[in-house]
Amino acid sequence: MPARLNPPAAPNPLTALAAAVAAAAITTAVSSWAVSLAVALACAMLAVRSGVAGRLAPAAAVILAPFWLSLLVMHGLFFPEGRTVLADWGAARVTAEGLGFALDMGARTAAYVMVFLLFSFTVRVPDLVAVMAARRVPPQFGYVLASTLTLAPAISRKLARIRQAQESRGLVLGGGPLRRLAAARLQMVPLVLSLIEDAGERAQALDARGFNGSRTRTSYRDVPDTAAQRAFRAVALLLAAAAVALRLSGQWPELPGFPLQGFAMLWPGGVPG
Amino acid sequence: MRSVALLEARIEAFSYHGEDASVLHDVEVVAAPGTLTAVLGGSGSGKSTLGRLLAGWLSGGNSGQFKGSLHLRTSDLRASDLSDSGRYAAPGDGGPLVFHGTPDDPRIDAALWSDQVGFVPQDAAALLSTVGSTVAEELAFGLENRGMDRTLMHAEVLRAAESAGLTGLLERDPATLSGGELRRLAVACSAMTRPGVLVLDEPLGSLDAAGSASVRALVRRLLDAGTAVVVLGQAVDDLAMSATRWLVLDGGTVTARGTPGELAGSPALLQSGVVVPAPADDGSGLRCRTVDRQLAAAGPGTENPAAAVLELDRLSFGYPAGRGKTGPGGLGDLSLAVAAGQVVAVTGPNGAGKSTLLRHLNGLLRPMRGAVRIEGKDIAGIPTGRVADRVGLLFQHPRDQLFERTVLREVLFGLERKVGAAAEAAARAALAAVGLGDQLAAHPHELPASRQRLLALATVLAREPVLIALDEPTVGLDRHGLERLDEALGAAAERGAAVVMVTHELAYARATAHRVLELRDGTLREV
Amino acid sequence: MSQQSRTLPAPGQAAVRNRRLLEILGAVSIAATFIFLVLTQPADITNGLAGGSTLVALGGFLLGAILLIIGVLPTLPTSTLVLIPVALVLNIALGQIMGSTGLPFYFDAIGTVLIAVLAGPAAGAATGALSSVVWSFINPTVLPFAAGAALIGFLAGLAARYGLFRRFYLAPVAGFVTGILAGVVSAPIAAFVFGGTSGVGTGAIVSAFRAMGDTLLAAITKQALISDPMDKAIVFAVVAILAYALPRRTTLQFAFVRRFNVLAGKKREAPDA
């Protein structure tokens, strides 16, 4: 049965995780907006190929759009360290360094978000939990991860039920913020209460079923792994470690197209204001 | 039979932390192999606490104080024990475990205890780990924790699934199971380690006929295999009828014990809140009837026969099932008129759309076509919270609608806005009507389930709605509760309120309602 | 739990020592990272990219959070463990209710603080860190803030331990102080990993301080000192309301609540009486 659950095409979750961690670490170490954007683009293409682009795109947009806007206002207009002034309106000064910094940070965060969203949207959580248990990660960690993902839809159903029951009792939702706050409190009390009571029950059930970490667990789910994947993981993590060590030691080779300078060159002479 | 008892429990007293009164006192339970013991008691009789205590869920001082003893003997079922037997220091057969309610009491290791005493709580879903993504993994969870080899584990899961009739569901997500399937999965999870004793709390609760038949069959198989089964329940149902012995629990202690033949009709049973089926000559109705059908039917309608409190006018509704199709449980061109003082019951199989219909009555769901009129006025566009002034809708889960700190405050909530200074008197009257007049200061969530439902009913009654709509009103109510419900509905109908209830219990519907309708394929017809 | 089951072998001294060591290492890692970042930041930020600082911030804080999780999780009783997934969903779900009220608060630590009040500082810290880790499956940008979230849970647990939840007016005060510390610890992450804050509103505040010539870290820290204490004061007050709305039977199930008499009016059940 597990063999049927895991067609050989699916990579081991550890392989995907190692790839994501390595990509994020190397991108950070390299610190170049071009590399960051390339990584983000590559993730987008992989997402399209694995069929998760439809879910990933809105999730990423919700995170990145306000962040980019915030960066643009923050550094685009106010960057006291900036020397190359492009425009000056009193307190607000547009500087090339500020825009460059915003571009760098925006691109790096985009890469980081895309890499990890791609991982979390493609990984099978039960598989991930199973391999972590096999690697002697405390089973409680896998429990928290899997249980949260199971409980989320159940809790939102419960909340909808509470809302309906209370509306049927004459609770009118809406009105001013204070009334809404009061209504929210009325919903939270039964929600939190029943969640804590359910959890108390579940704790005793888990204890009774032997989930106390006093014995080594085995796993029903068999997640296939291959020598090639093991080798890939080792190489990816070694590369990441090397990149990080190089950056931290201060010996990072200066690339010819150093980002800030490259950006400033778009405005030769620099001052249209 | 009979072989020596597997579990002997003597409970001198048990009380929860922060409460002075004991929930259980002077109770003795003995479970022998292959026997079915039914512990019958009304809501608040302490039977769920008893189940937990037997299961080893309450010892250890975290929940309360326990004085008494538990004596467990290893079952023959576990002769071919799968785990290392050297660890059974306490539960095995080292004589009884004695508890004095002090900190140096023995602390039961729930995992080792459950090897020999399995327990399924009333809410079967609580037993599931929430981490098994399939039924098979959920079954395997207990074995994974015991470190069983994977090949052996697969074989055990197949065996357990087969005996519980879950073989076809092994790859399903547990969240998608029906009530009966979920109950069987929970029983199978508890029975996974082949315990000698199995304690089941209300195993048939809120199941429809097909679901409860499948659970009964599973219990029968376990009994045949030599398991000692203890069932806790508040109704004399088919499972209780087939029991070897009954214990009647009332007020936290055993008031009668004996075979079903000896105890059926005994004063102790009748005094307890246990729901007892009516004698065969009275059709299949329940015994506790106070609404007189003729009287109630004659009263209203004579004054103003034309005025319908509720009018459903060619109602149509469909749940979207993706890709523009309409899912099951929809309503098609449904019409209904309910007059003041009339009680209408709607029955039908699970998933027929009974609850969908009920949610239209106060605007929680809005019809795609057609209209809902209350006292002649269309409720379209009026928010549910306002419609609630005239329509009281009660759901199955009372806990969802209770949010105040005391019973009285719960009923008072929002009442002043409606009736002004008379609110307190109205609240007290409504509470007295459902039998909660002496519980005004209690925390709603600490009431037993049956009383929580009655409290929710009181919150509706106090507002004197013209239409009372009830979703499965009998579920979870013990006999006292059913009597209170009947009295309250009778009084409301007399006052001129219309009542619409949805129930899967045809017998109850027949006994209570003036009209019984069946909802099938989206339309109503008389039964 | 103070007592071990008679039928359970007591965990070996070595295992206990190892876990304690992990917790200490985790705390040291977080503290050392913070000190390093504060000491080295002035030179670093004007050099344009904070590649090295980013790696230190990410690595140090994440390592600390993970060590804390691994150290604390296996020591938690099951009754606490099952609450963690509920708390994580609450962190998100209650945030959504608040979102629907249109009020300008995030409330994403209510679950964490609730656990801390019911089960103590260690459970609170683990919940906070896990909250960030699990949440990062949907929003990867919260992952680097795991250390700050752990600190919130830890401080909330300490506040409960020393009776600050016994008086209703003390809870928001404790929240205010927690917010100050948590804000200061989280600011370097916002500065060095993301180069700014994610909200447009918070971004405006940072911009204002930048316009006055502050360094990025100083500006973000000042912004955090404006937003976080207020938010946490409200969160602590909400949790106090919730805790007092729960029935006694429910709260007294928790040994931490019983032993330290966390909630007023809930009579102490001396286990040794």
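Chain A is the first sequence line, chain B the second, and so forth, proteins listed ahead of strands; every chain is numbered from 1.
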Proximity of B/Phe403 and B/Phe413 rings by center, below 6.0 Å
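For B/Phe403 and B/Phe413, the ring centres are under 6.0 Å apart.
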Part of A/Leu193 lying under 4.5 Å from any heavy atom of chain B
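For A/Leu193, the side chain is the part near chain B, not the backbone.
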Contacting region of [X] [heavy-atom separation from chain A under 4.5 Å]:
| X | result |
| --- | --- |
| B/Val120 | neither |
| B/Phe141 | both |
| B/Val131 | both |

At a heavy-atom distance under 4.5 Å, which candidate from [options] has the highest pair count against chain B?
| options | answer |
| --- | --- |
| A/Leu186, A/Asp198, A/Val189 | A/Leu186 |
| A/Gln204, A/Glu201, A/Arg161 | A/Gln204 |
| A/Leu151, A/Leu145, A/Asp207 | A/Asp207 |

Pairwise side-chain contact, [X] with [Y], heavy-atom cut-off 4.5 Å (strictly under):
| X | Y | answer |
| --- | --- | --- |
| B/Met192 | B/Cys189 | no |
| B/Thr459 | B/Glu410 | yes |
| B/Leu467 | B/Leu393 | no |

When heavy-atom pairs shorter than 4.5 Å are enumerated against chain A, which of [options] gives the highest number?
| options | result |
| --- | --- |
| B/Gly142, B/Gly147, B/Ala55, B/Ala125 | B/Gly147 |
| B/Val157, B/Val391, B/Leu394 | B/Val157 |
| B/Leu402, B/Val460, B/Asp149 | B/Leu402 |
| B/Leu127, B/Leu128, B/Asn362 | B/Leu127 |

Before accepting this row, confirm whether a basic side-chain N of the pair [X]/[Y] lies closer than 4.0 Å to the acidic partner's carboxylate O.
| X | Y | result |
| --- | --- | --- |
| B/Asp115 | B/Arg194 | no |
| A/Arg202 | A/Glu197 | no |
| B/Glu144 | A/Arg221 | no |

Taking everything shown except B/Arg405 itself, do over 12 heavy atoms lie less than 6.0 Å from its CZ?
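Count not over threshold, so no.
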